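Inspection log for the structure reproduced underneath, given as structure tokens.
Fair warning: this is a prediction, and the values are worked out from it, not measured in the lab.
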There are 2 protein chains.
Amino acid sequence: MKVKATDIGQMASASEVIFEALREAITQGEVKEGEALRQDRIARMFNVSRIPVREALTRLEEQGLVSTQRYRGAVVSSLSIAEIEEVFEFRALIEPEVLRLAIPRMSEAALARAGDFAASFASEPDSARWGELNRRFHYALYEDSARPYYLSTINAALDRVDRYSRAQLVLTDGMARAQREHEQILAAVVARDADQAAALTREHILAAGRSLVDFLSRSRAGEKAVLAG
Amino acid sequence: MKVKATDIGQMASASEVIFEALREAITQGEVKEGEALRQDRIARMFNVSRIPVREALTRLEEQGLVSTQRYRGAVVSSLSIAEIEEVFEFRALIEPEVLRLAIPRMSEAALARAGDFAASFASEPDSARWGELNRRFHYALYEDSARPYYLSTINAALDRVDRYSRAQLVLTDGMARAQREHEQILAAVVARDADQAAALTREHILAAGRSLVDFLSRSRAGEKAVLAG
DNA sequence: ATATTGCAAATTGGATCCAAAAAATAGATG
DNA sequence: CATCTATTTTTTGGATCCAATTTGCAATAT
């Protein structure tokens with residue numbers, strides 16, 4: 001995991017830096033699910049004591065990204081397929097509504113930014129950055145909704161499932177399909193057709209969820225077969 | 001605030017006990033918004049050092065119940081009227097959907113429990129317990145939805161706004177109206193009419209939100225007048 | 001009287017240390 | 001050789017201590 005304090009803010013406390021680094025590492029899939037996060041090891045990584053590490057782990061646990069058992073330490077939480085499905089179902093309920101609320105008040109600047117992010121997918125070879133680009137594209141469309149609470153719940157939901165999407169996007173045609181759907185959503189937003197944009201967003205999220213669940217079902221079944229055989 | 005470790009669980013760590021006690025105290029309105037939560041004072045209350053207190057405050061900050069500035073300590077976050085409106089709007093989007101999902105699979109036991117909670121409002125003189133009864137009533141209706149993530153977001157939303165509702169329920173007829181609406185929702189659920197139950201739940205939440213926002217607008221305007229005059 | 005500067009008290013973030021619990025390892029026993 | 005038990009090692013939750021920062025107050029200047 002990368003340690004870059006400057007990216008986070010000039011006067012960020014150690015625990016904030018560690019929290020952001022760990023959150024990034026988990027959502028990016030750099031630390032695998034079930035992997036133990038030892039306080040002492042992380043503390044040495046950052047040249048600090050275990051105190052700020054514990055604060056970071058507490059935050060991560062509150063966000064549901066790690067789970068902790070008394071005296072047994074923190075492990076990256078692994079979501080069942082049902083739990084992943086639920087997060088996509090949740091997003092499919094929330095995000096179309098936020099987009100609907102944003103459209104009447106959307107600035108040209110935000111719309112242009114969304115267009116730039118949508119276009120940048122095509123020229124981005126690093127699959128590790130697709131998740132971030134996707135998030136920024138949708139965020140640009142949502143931000144003028146003036147609904148900070150909704151946006152925070154969307155971000156929390158994305159943090160939970162992002163790490164599962166990466167492999168699927170690389171190994172299937174998921175990325176190409178997502179790009180096409182982004183263009184369709186964008187066209188509906190440009191036309192200020194809130195109903196259409198919301199419906200397309202809902203389908204976009206549900207389709208992504210179905211693809212991911214399908215992909216994970218296959219790969220997890222494969223893992224079990226390997227382990228058994 | 002009450003310190004009752006036994007209520008929370010046999011082997012709960014100190015920080016968990018403190019977290020629950022502070023969360024309860026904040027959501028119940030026992031500590032006022034803007035009030036500073038001094039680590040040392042809380043530590044002495046519970047006869048522990050500041051370390052577990054800091055962990056509890058970290059959790060509360062992650063949940064949005066307190067906000068912290070470096071070296072300036074934690075204060076109970078105060079929500080603007082717009083933010084309170086947003087939470088009710090969010091609940092009005094989520095909760096009807098959860099109820100809709102729960103109805104086809106709802107057990108008789110859960111339905112009976114919801115009925116008991118609905119009835120218990122009438123005989124509960126302590127207004128401090130109304131919020132909890134309300135939460136349990138709705139939770140009984142939602143729990144068979146098998147959507148733990150939705151339920152956790154609903155609980156987080158309720159934690160944010162519960163403390164604002166108490167005074168309003170006592171000083172207006174909000175409680176009586178809520179009771180009537182609960183009975184109507186219950187009837188729709190008994191009839192397994194998911195559309196009707198969802199619509200009633202949405203209206204129930206939106207009406208509660210409107211009442212609360214109206215009440216707070218008046219009382220905050222009054223406060224300003226007092227401060228100015 | 002009011003604004004300003006300097007110092008002391010209060011408060012927090014973090015380091016170091018300690019005790020309790022769990023995991024790992026070695027030894028005894030069938 | 002496998003299994004159970006005792007002991008050592010790891011690891012965590014919490015206590016105590018320290019340094020950095022803010023806040024409150026008093027003395028001073030205007």
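Under 3.5 Å, the side chains of A/Thr58 and A/Glu61 contain no donor-acceptor pair of N or O atoms. Counted by atom type alone, A/Glu83 and B/Tyr149 present zero donor-acceptor pairs between their side chains at under 3.5 Å.
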Salt bridge (Lys or Arg N to Asp or Glu O under 4.0 Å) between A/Arg135 and A/Asp159: does it pass, once the steps are laid out? CA-CA 10 Å; A/Arg135 206 181 276 222; A/Asp159 275 351; 3.0 Å; yes
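In this structure, B/Phe46 atom CZ and D/dG14 atom P are separated by 13 Å, rounded to whole Å. For the pair B/Arg44 CZ and D/dT16 C1', the computed distance is 15 Å after rounding to whole Å. When the C1' atom of C/dG14 is taken as reference, atom CD of A/Glu16 falls 14 Å away, rounded to whole Å. Rounding to whole angstrom units, CD1 of residue A/Ile51 and P of D/dT12 are separated by 13 Å.
Using a 4.0 Å cut-off between charged nitrogen and carboxylate oxygen, B/Glu89 and A/Arg147 count as a salt-bridge pair.
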What's touching nucleotides 8-12 of chain C from the protein side, N or O pairs under 3.5 Å?
unit_1, atom_1, unit_2, atom_2, d
C/dT11, O3', B/Arg38, NH1, 3.2

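The minimum heavy-atom distance linking B/Pro96 with B/Thr201 is given by the pair N-CG2, 4.1 Å.
OP1 or OP2 of D/dG14 has at least one side-chain nitrogen or oxygen of B/Ser15 nearer than 4.0 Å.
Under the 30°/60° scheme for interplanar angles, the aromatic rings of B/His138 and B/His182 are found to stand perpendicular.
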